[in-house]
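Below: one structure, written as structure tokens.
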Amino acid sequence: NGTVDIDYKVEEKPSDQLELQAGWGGKGTGVVGSLGVSFNNFAVKKLFKEFPPAGDGQKFSVRIQSNGKYYQSGNISFTEPWLGGKKPTSFTTAIVRSRLANGYASTDAKFGKFVTNGASIGIGKQLKWPDDFFTGIISLDYENYNLKNWNNNSFILTDGNSNNLSAKFAVTRNSLDEFIFPKRGSNFEFNVQLTPKYSTWFSNKDYTNLPNNEKYKWIEYHKWRFNVEWYTSIVGKLVLKTS
């Protein structure tokens, strides 16, 4: 019938990224800079077989940043875009840590710090209803804030620990023709982020007169957000964005 079998032998194209920035700060700041590496076509199952392990479309990134003794941060993240291997279901996890300090030695009575440790895990899935442009995302996030003598008005507490455990539910619809320079289509996002009501579900305390370091030991809130963008091509590359 005039047809022929063809075998294509493909080789993975590298798309990894390396970031390195370094310098020296005065007045006792010390080394400043950042180091980051991102593997955009990672493969966990080849971790001990080749370097870098590639081919499964996973993303693994590590980043460390420092501004001397005043600020340090680090984060590790991993994304599996095809959880289960059959349908476009993404699995993402991340661990973060940051430390702010006022520059005094830790043995000094004026020493102050603000340390944040956090972790998150999320699952996203392409939906078939109402149409193929919809995606649903569920994530669980936890952050712990540890403060000591922190008096710069950026946080309610000056000393003690505070915890932030929240769940986030999001529904998005993206029908943009391009991500970098969209000319037509729309982008909708609705998400809700909320925490348990510790003060009424797990406690019989009167929170009216509690000190702040006990009142805000577990943070309570709920956030609702709705974003929408429309892109309309007027003529050539002139595009109207309505949001």
Side-chain angles (χ1 to χ4, degrees), residues 14-44 47 51-54 56-81 90-108 110-124 137 139-168 170 179-180 189 191 193 195 216 219 221 223 225 227:
S15 60
D16 303 326
Q17 296 171 301
L18 176 66
E19 173 193 349
L20 177 61
Q21 179 181 347
W24 183 263
K27 296 183 180 180
T29 300
V31 177
V32 298
S34 62
L35 171 64
V37 60
S38 179
F39 300 100
N40 297 311
N41 190 19
F42 200 70
V44 171
L47 190 59
F51 186 83
D56 285 350
Q58 300 162 349
K59 183 172 182 179
F60 177 71
S61 63
V62 180
R63 194 169 193 271
I64 301 172
Q65 191 173 5
S66 172
N67 189 15
K69 60 184 179 180
Y70 295 99
Y71 174 73
Q72 305 92 39
S73 73
N75 64 72
I76 301 174
S77 66
F78 173 78
T79 299
E80 165 58 77
S90 65
F91 171 80
T92 303
T93 183
I95 300 174
V96 299
R97 175 181 170 85
S98 66
R99 181 182 181 273
L100 285 165
N102 57 6
Y104 290 94
S106 58
T107 55
D108 197 308
K110 296 180 181 179
F111 171 73
K113 68 175 182 178
F114 184 179
V115 179
T116 303
N117 295 298
S120 65
I121 184 171
I123 292 180
I137 302 170
S139 63
L140 187 66
D141 300 270
Y142 171 74
E143 288 181 312
N144 171 262
Y145 310 106
N146 179 260
L147 299 95
K148 180 180 179 181
N149 196 28
W150 195 252
N151 296 308
N152 68 349
N153 299 320
S154 65
F155 210 72
I156 295 175
L157 305 182
T158 57
D159 290 275
N161 278 276
S162 183
N163 300 278
N164 181 5
L165 176 65
S166 66
K168 186 175 182 180
F179 286 98
I180 297 178
E189 180 180 0
N191 67 64
Q193 186 174 6
T195 66
Y216 297 106
I219 304 173
Y221 63 86
K223 299 179 181 180
R225 174 171 295 178
N227 295 329

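Note that the structure is predicted; figures quoted are calculated from it, not measured.
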Query raised in the report: Can you check whether G57's main-chain N or O pairs, donor with acceptor, with N41's side chain at less than 3.5 Å?
Result: yes

Query raised in the report: Considering residues at least two apart in sequence or located in another chain, which fulfil the side-chain contact (heavy atoms from CB on, under 4.5 Å) criterion with V37?
Result: L18, F39, V62

Query - Gap between atom OG1 of T92 and atom CD of E80 - 0.5 Å precision - result: 9.5 Å

Query raised in the report: So how far is it from Y142 OH to N164 CG, rounded to the nearest 0.5 Å?
Result: 9.0 Å

Query raised in the report: Does S166 offer a backbone N or O that forms a donor-acceptor pair with the side chain of T195 under 3.5 Å?
Result: no

Report summary line: Scanning both residues in full, the closest heavy-atom pair of P81 with Q58 reads CD-CA, 3.9 Å

**Report entry** F42 vs T79 side-chain heavy atoms within contact, under 4.5 Å
**Finding:** no

Report task. Step through the shown structure and confirm whether more than 12 heavy atoms of other residues, nucleotides or ligands are within 6.0 Å of OH on Y221. Result -> yes

Requested in this report: Measure the spacing between CZ of F155 and OH of Y216 and express it to the nearest 0.5 Å.
Outcome: 10.5 Å

Considering only distance and modelled atom types, tabulate donor-acceptor pairs under 3.5 Å from the side chains of residues 110-117, sequence neighbours left out.
| from | atom 1 | to | atom 2 | distance (Å) |
| --- | --- | --- | --- | --- |
| N117 | OD1 | R97 | NH1 | 2.8 |

Query raised in the report: So, the side chain of D16 versus the backbone of N40: is there a donor-acceptor pair under 3.5 Å, distance only?
Result: yes

Report task. Assess whether side-chain contact (heavy atoms from CB on, under 4.5 Å) is satisfied between L147 and D159, documenting all intermediate values. Result -> CA-CA 5 Å; L147 299 95; D159 290 275; 5.7 Å; no

Query raised in the report: Please walk me through it: do N191 and Q193 pass side-chain hydrogen bond (donor to acceptor under 3.5 Å, both in side chains)?
Result: CA-CA 7 Å; N191 67 64; Q193 186 174 6; over 6 Å; no

Query raised in the report: How many angstroms lie between atom OG of S162 and atom CG of N144, to the nearest 0.5 angstrom?
Result: 8.0 Å

**Report entry** Euclidean distance, L140 CG relative to T93 OG1, rounded to 0.5 Å
**Finding:** 10.5 Å

Report summary line: So CG of L165 and CG of D141: to nearest 0.5 Å the spacing works out to 8.5 Å

Query raised in the report: For the residue pair K69 and A101, what are the closest heavy atoms and their distance?
Result: O-CB, 3.6 Å

Query raised in the report: Is the number of heavy atoms from other residues, nucleotides or ligands under 6.0 Å of Y104 OH greater than 12?
Result: no

